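Written out below as structure tokens is the structure these notes cover.
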Amino acid sequence: MAATIFAGFSLSLALGRSSFGSPPIVHAHALVFMGWVVLYVAQNILATRGSIALHRRLGWVATGWVVAMVVLGTLVTIRLIRIGHAPFFFLPVQFLVLDPVVVLTFAGLTAAAIVLRRATQWHRRLHYCGMALLVGPALGRLLPMPLLIPYAYEVDVAAVLVFPLIGVVADIRRSGGVHPAWWWGIGTILASTVLIELITFSALGATLYALTVAGSPAAAVPGYAFPPFPGMP
């Protein structure tokens, strides 16, 4: 998952789709989310090498880190919507809803993993499913998203689910069964997807969008129309 994230964002930089000229809040967002990737990989290394005491201490640092991720993830999404920079393969309302819901779902799975930290098999799998959700933006940079309109988001979610399904297969090969944590994790990801769809295409989604863009350059941008491709008027 870490390699996929690195590949997705590196590709965007190499192709000129992103740059280091973004505002400070975007850099803060990037550092915090990439910092989580480093923390997650480090925690796996510590746990598998038996450094459990350090793993637990670093875990409490990671707990506070998640709060920063929720705040910055939401703020950056709102900023992008208000300046009319929603990805052109998402409906603006959909993008406004999906980013906060995804990061909150990640936080929920992570919180559940922390609560169940003494139940190792649950702890590791719920953390893994939470991490899988964060791979979505990187996959969106690797998949041919413009060709997937109007189902780009749904295809991205399907690609995210490949990671926990790998875990399911590994369980079957190892023990002949599947730990229930996988079904809770996958079910939570699917439930968040359904929630995003329900809010997006409801009066609540329309109201949230209107409140978010009020008084901004995006006030005239229709929430339920795909933005034009880059370079088009």
Side-chain angles (χ1 to χ4, degrees), residues 5 8-9 11-13 15-37 64-108 133-143 145-146 148-157 160 192-233:
I5 291 171
F9 285 91
L11 179 64
S12 284
L13 184 62
L15 294 178
R17 297 174 186 166
S18 59
S19 71
F20 291 104
S22 301
I25 191 171
V26 177
H27 288 294
H29 168 273
L31 287 172
V32 168
F33 275 75
M34 284 298 183
W36 177 264
V37 177
W65 204 278
V66 172
V67 177
M69 293 170 72
V70 171
V71 172
L72 283 169
T74 303
L75 289 177
V76 167
T77 299
I78 292 172
R79 180 186 180 278
L80 290 173
I81 289 293
R82 285 183 59 82
I83 62 175
H85 282 185
F88 64 91
F89 38 80
F90 292 145
L91 296 171
V93 177
Q94 185 182 48
F95 183 69
L96 173 64
V97 173
L98 78 86
D99 265 21
V101 171
V102 165
V103 77
L104 285 170
T105 304
F106 153 77
L133 271 172
L134 299 185
V135 185
L139 289 169
R141 288 162 169 80
L142 295 171
L143 294 169
M145 298 296 266
L148 301 175
I149 297 171
Y151 303 110
Y153 168 63
E154 291 79 4
V155 173
D156 190 67
V157 173
V160 163
S192 71
T193 305
V194 172
L195 179 62
I196 289 165
E197 300 282 10
L198 289 175
I199 295 176
T200 296
F201 300 102
S202 70
L204 176 58
T207 300
L208 288 173
Y209 182 75
L211 291 173
T212 301
V213 301
S216 74
V221 175
Y224 290 97
F226 288 98
F229 277 48
M232 295 178 63

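Just so you know, residue 1 is the first one in the sequence shown, and it goes up from there. The shown structure was predicted, so the numbers you read here are calculated from the model rather than taken from an experiment.
Between Val66 and Phe106, some side-chain heavy-atom pair lies under the 4.5 Å cut-off. Val221 has its side chain out of reach of Val213: every pair of non-hydrogen atoms, C-beta onward, lies at least 4.5 Å apart. Two residues are said to be in side-chain contact when any heavy atoms from C-beta on lie closer than 4.5 Å; Met34 and Ile5 meet this criterion. Proximity of Leu75 to His29: side-chain heavy atoms (C-beta onward) are nowhere separated by under 4.5 Å.
Closest of all the heavy-atom pairs between Val70 and Thr74 is O-OG1, 2.9 Å. Residue Tyr224 comes nearest to Ala206 through the heavy atom pair OH-N, 3.3 Å, listed as atom of the first residue, atom of the second, then distance.
Within a 6.0 Å sphere centred on OH of Tyr151, other residues, nucleotides and ligands contribute 12 heavy atoms or fewer.
A donor-acceptor pair under 3.5 Å links the side-chain atoms of Arg82 to the main chain of Thr212, judged by distance alone.
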Test log, rule side-chain contact (heavy atoms from CB on, under 4.5 Å), inputs Glu154 and Leu148: CA-CA 9 Å; Glu154 291 79 4; Leu148 301 175; over 6 Å; no

For residues 192-201, dump all side-chain donor-acceptor pairs below 3.5 Å to protein atoms at least two apart in sequence or in another chain.
unit_1: Ser192; atom_1: OG; unit_2: Ile189; atom_2: O; d: 2.7
unit_1: Thr193; atom_1: OG1; unit_2: Ile189; atom_2: O; d: 2.9
unit_1: Thr200; atom_1: OG1; unit_2: Ile196; atom_2: O; d: 2.7

Output side-chain donor-acceptor pairs under 3.5 Å for residues 84-102, partner residues at least two apart or in another chain, one line each.
unit_1: Asp99; atom_1: OD2; unit_2: Thr77; atom_2: OG1; d: 3.0

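You'll find the ring centres of Phe33 and Trp65 outside the 6.0 Å limit.
Distance CZ/Phe9 to CZ/Arg141: 4.0 Å, rounded to 0.5 Å. Rounding to the nearest 0.5 angstrom, the gap separating the CD1 atom in Ile83 from the CZ atom in Arg79 is 4.0 Å.
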